[in-house]
Amino acid sequence: MALSRGLDETDFFFPLVAESVHPCYAGGMKTERLYAITVYLLNHGRTTARTLARQFEVSLRTIQRDMDSLCIAGIPIAATYGADGGYEISGSFRLNEDFATEDDYSLIRTALEGLVSATGDAKARRALEKIRRTAPADNGGIVLDFSVLQEGGQSLLQLLQTAVAERRAVEFTYTNNDGETRAHRVEPVAVVYRWYAWYLLAWSSYKNDYRTYKLARMEHVEITDAPFAKTHKAAQAILEESGRTDSRTYTELRLKCTAAARARVLEYLKGTETARTEDGGSLITASVVENEHFWLGTLLSLGDGVEVLSPEHIRRRILESAEKIAALYTNCDRQLS
C-alpha cells in the first residue's frame, strides 16, 4: 500500500476526492465515506483498521482501499504497525472550511435553533444568522424547541456563561438533596442540561473535585473578581470521567401498576416492563437515585395506580409520606368544621 508520510498541506480542499480517484471504486464507492473517514481521523487520531471498519460498517479490505484513495487524493495518511498501530493523518493537515455539505449545514442550523430557543444566547443567535445564509430552511423533519427551558433561569444562565468565558469564580448559596444550605465558591466550567434540568459543572476547591449544582437550588449568585486557580479540561471530558465514577447511590424498584398508570411510570421513571398482570396491569422495574425526590413525587402523584413491591425500605418511605399527607388533610378537615 502506498501511504503518504511527507506531505505538508495546510489548507487542502477535500472535495477534490472523487469516485474516480481509484479504479476499485468505479462500481459505486461513496465519496461521503471518504469525507467521514477523514473527519473521524482528524478528531480521533491514530485509529485501527478494525475500528474504522466497524465505525463505517464496511470490510477491512474496503478500509484499506479507502486509505489508498485518500493518499492518491493528497491526504497525508500514515500507517503505523504493531500493537499500537493504525492509520492517522499528519498533524499539519487542515480541511478547507468549505468541506461541509448542505445536509451538514442543515443539521448545524437545527442544533443552533435549539440552543437559541433554550438559552437566548446572543453569540448563538449571531451564529444562527450566519448559518441561515448557508443552510437550507428544510430541517430534515426535526425541530428542537427548548423554549420551556428558559422559564425562570435565562438570566442566571447568561450570568454563569459570562463567568465561564471570563474564567472568574462564582459564589452562591446552595440547598442540597438533604435540605442543607451553605455557601459555595467554585470555578465554573460549563452550564449543562441533563436529567431534565440545568446544572452548573464547576471545580470545588473545598471538595477538591468537580461537582454539579442544580441551578434551581442556587441563590444569591455573584461573579467574583477572583481568576481561576486551576486549568480545566473540556467540559465533555470532565463529564465523561465523572460518568465512569458515579458515586450516587442507586436503588432498583419493583413496581406493580394499573393499565392507566403504566404509560406514566414508563415515561417518568424510565422503567422497563417485565410482565403483564391478569388484570391488565404491568410489573415494572426502574432504577432511581436514592436521595433524589423526583421519582418519589411521581410515585405519590400516581396514588393507588402503582404499588412498590420492593425494596422494603422504599415501601416504608412511601407509607410514611402518605400518612403525613393524610394527617395534614385530616387536621384541615377538623379545623374547617
Self-check item: Pairwise side-chain contact, Y250 with V288, heavy-atom cut-off 4.5 Å (strictly under)
Solution: no
Quiz item: Taking side chain as C-beta onward, heavy atoms only, is P76 less than 4.5 Å from L70?
Solution: no
Quiz item: Looking at residues at least two apart in the chain, or sitting in another chain, which of them share a ring-ring contact (aromatic ring centres under 6.0 Å, His included) with F228?
Solution: H232
Quiz item: If you take all heavy atoms of L200 and A190, which pair is closest and at what distance?
Solution: CD1-O, 3.6 Å
Self-check item: Side chains of I63 and I37 in contact at under 4.5 Å (non-hydrogen atoms)
Solution: yes
Practice problem: Verify the neighbour count for atom CD of E312: are there more than 12 heavy atoms of other residues, nucleotides or ligands below 6.0 Å? | Solution: yes
Quiz item: Should we say atom CG of D279 is surrounded by more than 12 heavy atoms from elsewhere, each under 6.0 Å from it?
Solution: yes
Exercise. Output yes when E113 and R109 qualify as a salt bridge under the 4.0 Å nitrogen-oxygen rule, no when they do not.
Key: yes
Quiz item: Taking C-beta and beyond as the side chain, do R262 and C257 meet within less than 4.5 Å on heavy atoms?
Solution: yes
Quiz item: Which heavy atom of K230 sits nearest a heavy atom of R167, and at what distance?
Solution: O-NH2, 3.6 Å
Quiz item: So with a 6.0 Å cut-off around NZ of K214, is the heavy-atom count from everything else above 12?
Solution: yes
Exercise. Determine whether V164 and L239 fall in the same hydrophobic cluster, where Ile, Leu, Val, Met, Phe, Trp and Tyr are linked whenever their side-chain heavy atoms lie under 4.5 Å apart.
Key: no
Exercise. Give a yes or no on whether the backbone of R217 and the side-chain of T175 come within a donor-acceptor separation of less than 3.5 Å.
Key: no
Quiz item: Quick check: are there more than 12 heavy atoms from other residues, nucleotides or ligands sitting under 6.0 Å from CG of N43?
Solution: yes
Self-check item: Gap between atom CG of L128 and atom OG1 of T110 - 0.5 Å precision
Solution: 9.5 Å
Practice problem: Measure the CZ-CG distance between R264 and L302 for me, rounded to the nearest 0.5 Å. | Solution: 5.0 Å
Practice problem: Return the minimal non-hydrogen interatomic distance between G271 and I284, and the atom names on each side. | Solution: CA-CG2, 3.9 Å
Quiz item: Hey, what do you get for OG1 (T298) to NE2 (H293), rounding to the nearest 0.5 Å?
Solution: 12.5 Å
Quiz item: If you take all heavy atoms of Y206 and R182, which pair is closest and at what distance?
Solution: CD2-NH2, 3.3 Å
Quiz item: Going only through I, L, V, M, F, W and Y residues with side-chain contacts under 4.5 Å, is there a path from V306 to F294?
Solution: no
Quiz prompt | Any residue meeting side chain to side chain contact (heavy atoms under 4.5 Å, CB included) with E267, in chain and number order, not counting sequence neighbours | solution = none
Exercise. Please examine the side chains of R50 and L60, heavy atoms only from C-beta on, and report whether any two atoms are closer than 4.5 Å.
Key: yes
Quiz item: Atom OG1 of T285 and atom CZ of R254: how far apart are they, to the nearest 0.5 Å?
Solution: 9.0 Å
Quiz item: Mind checking whether D66 and F56 have side chains closer than 4.5 Å, heavy atoms only?
Solution: no
Quiz item: OH of Y40 to CZ of R33: how many Å apart, nearest 0.5 Å?
Solution: 15.0 Å
Quiz item: Should we say atom NZ of K324 is surrounded by more than 12 heavy atoms from elsewhere, each under 6.0 Å from it?
Solution: no
Exercise. Following the transitive rule for hydrophobic clusters with a side-chain heavy-atom cut-off under 4.5 Å over Ile, Leu, Val, Met, Phe, Trp and Tyr, establish whether V191 and L156 coincide in one cluster.
Key: yes
Quiz prompt | Pairing residues for E307 by the salt bridge (charged side-chain N to carboxylate O under 4.0 Å, His left out) criterion, not counting sequence neighbours | solution = R315
Exercise. Indicate, with yes or no, if I223 and L160 share a hydrophobic cluster defined by side-chain heavy-atom contacts under 4.5 Å among Ile, Leu, Val, Met, Phe, Trp and Tyr.
Key: yes
Quiz item: Linking I/L/V/M/F/W/Y whenever any side-chain heavy atoms sit under 4.5 Å apart, do Y268 and W295 land together?
Solution: no
Quiz prompt | Side-chain touch H313/E290, heavy atoms, less than 4.5 angstrom | solution = yes
Self-check item: Residue that, paired with Y213, satisfies ring-ring contact (aromatic ring centres under 6.0 Å, His included) out of F172, W198, W203
Solution: F172
Practice problem: Kindly give the heavy-atom pair with the smallest separation between V186 and A202, and that separation in Å. | Solution: CG2-CB, 3.5 Å
Exercise. Assess whether atom CZ of R317 is packed by more than 12 heavy atoms of other residues, nucleotides or ligands within 6.0 Å.
Key: yes
Quiz prompt | Side-chain donor/acceptor of E187 to backbone N/O of A229, under 3.5 Å | solution = yes
Quiz item: Mind checking whether R54 and T51 have side chains closer than 4.5 Å, heavy atoms only?
Solution: yes
Quiz item: Does CZ in R46 sit with more than 12 non-hydrogen atoms of other residues, nucleotides or ligands closer than 6.0 Å?
Solution: yes
Exercise. Ignoring hydrogens and angles, tell me if any N or O in the side chain of R168 forms a donor-acceptor pair with the backbone of A163 under 3.5 Å.
Key: no
Self-check item: Any donor-acceptor N/O pair, T47 side chain to L41 backbone, under 3.5 Å
Solution: no
Exercise. Check the pair L269, L299 against side chain to side chain contact (heavy atoms under 4.5 Å, CB included), reporting the backbone distance first and the verdict last.
Key: CA-CA 9 Å; L269 299 182; L299 291 176; 3.8 Å; yes
Exercise. Drop me the distance from S321's OG to L296's CG, to the nearest 0.5 angstrom.
Key: 5.0 Å
Exercise. Answer yes or no on whether R211 is positioned over the face of Y174, meaning its NZ or CZ is under 6.0 Å from the six-membered ring centre and within 45° of the axis.
Key: no
Quiz item: Is a side-chain donor or acceptor of S282 paired with a backbone partner of G280 at a separation under 3.5 angstrom?
Solution: no
Quiz item: Of all heavy-atom pairs between P311 and T251, which one has the smallest distance, and what is that distance?
Solution: CG-CG2, 3.7 Å
